[in-house]
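Chain letters run A, B, ... following the sequence lines, proteins first and then strands; every chain starts at 1.
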2 protein chains.
Amino acid sequence: MIKTQLNKISSPIKNELDEFALIFKKSMKSQIGLLDLITNFIIKQKGKKIRPLLVLLSAKICGGINERTYRGAVLVEMLHTATLVHDDIVDNADKRRGFPSINAIWKNKIAVLMGDYLLARGLTIALEGKDFDFLANITGAVKRMSEGELLQIQKTRKLDIDEETYFRVIADKTASLLETCCQIGAMSASENEEYHKNMHEFGANLGIAFQITDDILDYEGSSNIIGKPVGGDIREKKITLPLIFALKKVSADEGAKIKKLIKNVEKKGNVNEVIDFVHKQGGIDYARKVADEYILKAKKSLDIFPDSETKESLVNLVDFVVKRKN
Amino acid sequence: MIKTQLNKISSPIKNELDEFALIFKKSMKSQIGLLDLITNFIIKQKGKKIRPLLVLLSAKICGGINERTYRGAVLVEMLHTATLVHDDIVDNADKRRGFPSINAIWKNKIAVLMGDYLLARGLTIALEGKDFDFLANITGAVKRMSEGELLQIQKTRKLDIDEETYFRVIADKTASLLETCCQIGAMSASENEEYHKNMHEFGANLGIAFQITDDILDYEGSSNIIGKPVGGDIREKKITLPLIFALKKVSADEGAKIKKLIKNVEKKGNVNEVIDFVHKQGGIDYARKVADEYILKAKKSLDIFPDSETKESLVNLVDFVVKRKN
């Protein structure tokens, strides 16, 4: 199902995606066996390639895919891979998902080094190509991604986050990279600043809609196959849009009661009680309504472009990214 | 003692170092409380500022310190801080050195994010200043630092490292950043490519001498106050120059016996037996001789510059860095 949808979305740039895959693989090659072992492992594991897809489609709709587009796509995919590797440091803290031969001590060290390496390698490729405009965008995105996550951690520890901060966090931690993909694709294909601006907005709104949807999924039990377990955010004391809305609807006293449940989240039944509270207060419906607004905004950014197969793909990509059920 | 030596070395650029400290502090300021809390903690902890010192002295000997020099110094110090934070992910794996309020799960995540943030922030400053030459150098250094560490890990796991690989590892993981400091300092002050080349070599040779000395210290018990515990490398199964030399001196059979001791390094007495072996085979004397050659090479790179207080400081800096006993 996912594959069919993605194939349809990719159809206008099928050959270019193959070309990208080749260039990416070549760019990842190093002279250090251990490095290649891990990168191959990563490349095989992850597969949707949403970010290069965004770069290529954005370039195509703005004028056409060229050599610079591919460099941009390699850059964002490398950076994205770097963040995935760095994320594993946290995700694998207790579990062991892979690498039977790498012991627990080296694992974190290797993940840190690999991430740093990939980030530096991506930047080097951009520097060698003199894509200074890409660099400014990409380093800005890295900065915002870490800032957003750190702000979320800071707020999480105090169970204190309002809607404004929530939007700042998700714009930084999630939307910044997607907007960078679209912006880089547009810049590679055209000098038209209106195009740049609109594709930038397309990516930003897509990213926000995506993250809200992700946060909603955390409250929904159905068909949550691959994704995180229901209530995972609550267990991590992350307060997201559905809960923020629900808390605003009730008295300070009742709000304090819910926060107490979250503080003692290990206690059996607490997670479910919070989930029920959010549903009852209309938090899910509200969040879905907000996500829909961002979906509309994203699609509206494409209005300046004439209809085409590529434009249709970008519209379908929005629906694909935000309507997934897992 | 250390402070007196450093004061003497810094005397030609005392005011400029103060100016740097101000700019650095300002550059580290963010809008996220948690971030500032951690950066302040880091700034207070670490103190020798060898890298900005190298940038400033290199600029001064090549023509003079200017605005670009400060940006370069901020860039390398930020990058260095990023790597320190990332290093902590490994070093703190078992211990708890600081941050009483940050729990064990967030610690790694925060360290990763902080490192990424600092790296991106440094690069942004360079981009805004259009210091593209700095960027090429610094991303190259980041890439080499992670490559060097990964190569060392790969070799460590097989207990298999020869002298050639050892030098590649230390050139990448340690010398690359010091050579970048000197190169950036030189580039900020002059367009004379011979200056750039000589300062680059100065930093590279200084870095190699520094790492060999560090590896020797691991085999020496005396006055090892602040540094790592004696035998720490052996416990981590890291094979460095003194041991490489010692292993080359003996028969394959005897070598295999020593490697077996290292493989079972948890067994009481094994570490000391390896240390004794290295001393007896002249591994320490050899490594010291090699370090001395690199010290000489570093100092020789300064021959093209006329005598000055700054030149004397750079010479003293070499002695300071490699003759430290802890």
Side-chain angles (χ1 to χ4, degrees), chain A residues 30-35 37-38 82-83 85-87 89-91 93-94 101-106 108-128 130 132 135-136 138-151 153-157 173 236, chain B residues 30-35 37-38 82-83 85-87 89-91 93-94 101-106 108-128 130 132 135-136 138-151 153-157 173 236:
Chain A
S30 80
Q31 283 171 350
I32 295 170
L34 178 61
L35 237 158
L37 189 77
I38 303 170
T83 61
V85 175
H86 275 179
D87 282 352
I89 293 168
V90 188
D91 296 344
D94 305 296
S101 64
I102 298 169
N103 74 40
I105 296 172
W106 287 136
N108 275 344
K109 178 153 195 164
I110 285 180
V112 169
L113 294 169
M114 271 296 299
D116 292 351
Y117 169 81
L118 289 172
L119 183 54
R121 185 125 178 68
L123 296 175
T124 309
I125 292 172
L127 272 164
E128 282 167 0
K130 298 205 186 301
F132 302 125
L135 280 172
I138 209 84
T139 52
V142 175
K143 193 166 149 280
R144 285 179 63 195
M145 284 159 78
S146 40
E147 275 177 333
E149 295 254 25
L150 285 164
L151 181 59
I153 290 172
Q154 175 183 330
K155 292 294 176 181
T156 296
R157 284 161 59 208
K173 81 164 187 176
E236 289 183 25
Chain B
S30 80
Q31 283 171 350
I32 296 170
L34 178 62
L35 236 160
L37 190 78
I38 303 172
T83 61
V85 175
H86 276 179
D87 282 352
I89 293 168
V90 188
D91 296 345
D94 304 296
S101 65
I102 298 170
N103 75 37
I105 296 173
W106 287 136
N108 275 344
K109 178 153 194 166
I110 286 179
V112 169
L113 294 169
M114 273 295 299
D116 291 352
Y117 169 81
L118 289 171
L119 182 54
R121 186 127 177 69
L123 295 175
T124 309
I125 293 172
L127 272 164
E128 281 167 0
K130 299 207 186 300
F132 303 125
L135 279 173
I138 209 82
T139 52
V142 175
K143 193 167 149 280
R144 284 179 62 195
M145 284 160 77
S146 39
E147 276 178 331
E149 294 255 23
L150 285 165
L151 181 59
I153 290 173
Q154 174 182 331
K155 292 293 177 184
T156 297
R157 285 162 59 208
K173 80 164 189 176
E236 290 184 22

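With values rounded to the nearest 0.5 angstrom, A:M145 atom CE is found 8.5 Å from B:D116 atom CG. B:Q31 CD to A:L151 CG: the interatomic distance, rounded to the nearest 0.5 Å, is 10.0 Å. We find the CD1-CD1 distance between A:I110 and B:I153 to be 5.0 Å, quoted to the nearest 0.5 Å. Distance check: B:L35 CG to A:S146 OG gives 7.5 Å after rounding to the nearest 0.5 Å. The line from CG of A:L135 to OG1 of B:T139 is 8.0 Å long, rounded to the nearest 0.5 Å.
Checked against side chain to side chain donor-acceptor pair (under 3.5 Å), A:E147 has no partners two or more places apart in sequence or in another chain. Under the rule for a side chain to side chain donor-acceptor pair (under 3.5 Å), the partners of A:S30 that lie at least two apart in sequence or sit in another chain are A:D36.
By the 30° and 60° cut-offs, the orientation of the rings of A:H86 relative to B:H86 is perpendicular.
Summarising the geometry of B:L34 relative to A:L150, their closest heavy-atom pair is CD2-O, 3.6 Å, with the distance given to 0.1 Å.
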Apply side chain to side chain contact (heavy atoms under 4.5 Å, CB included) to the pair A:L123 and B:L123, showing each step before the final yes or no.
CA-CA 10 Å; A:L123 296 175; B:L123 295 175; 3.2 Å; yes
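With hydrogens and angles disregarded, a donor-acceptor distance shorter than 3.5 Å links the side chain of A:Q154 to the backbone of B:G33.
Neither the backbone nor the side chain of B:E128 has a heavy atom closer than 4.5 Å to any heavy atom of chain A. Using a 4.5 Å cut-off between heavy atoms, B:L118 does not touch chain A at all. Looking at B:L127, the atoms closer than 4.5 Å to chain A (heavy atoms on both sides) all sit in the side chain, from C-beta outward.
When each of B:M114, B:K143, B:K130, B:R121 is scored by its heavy-atom pairs under 4.5 Å with chain A, the top score falls to B:K143.
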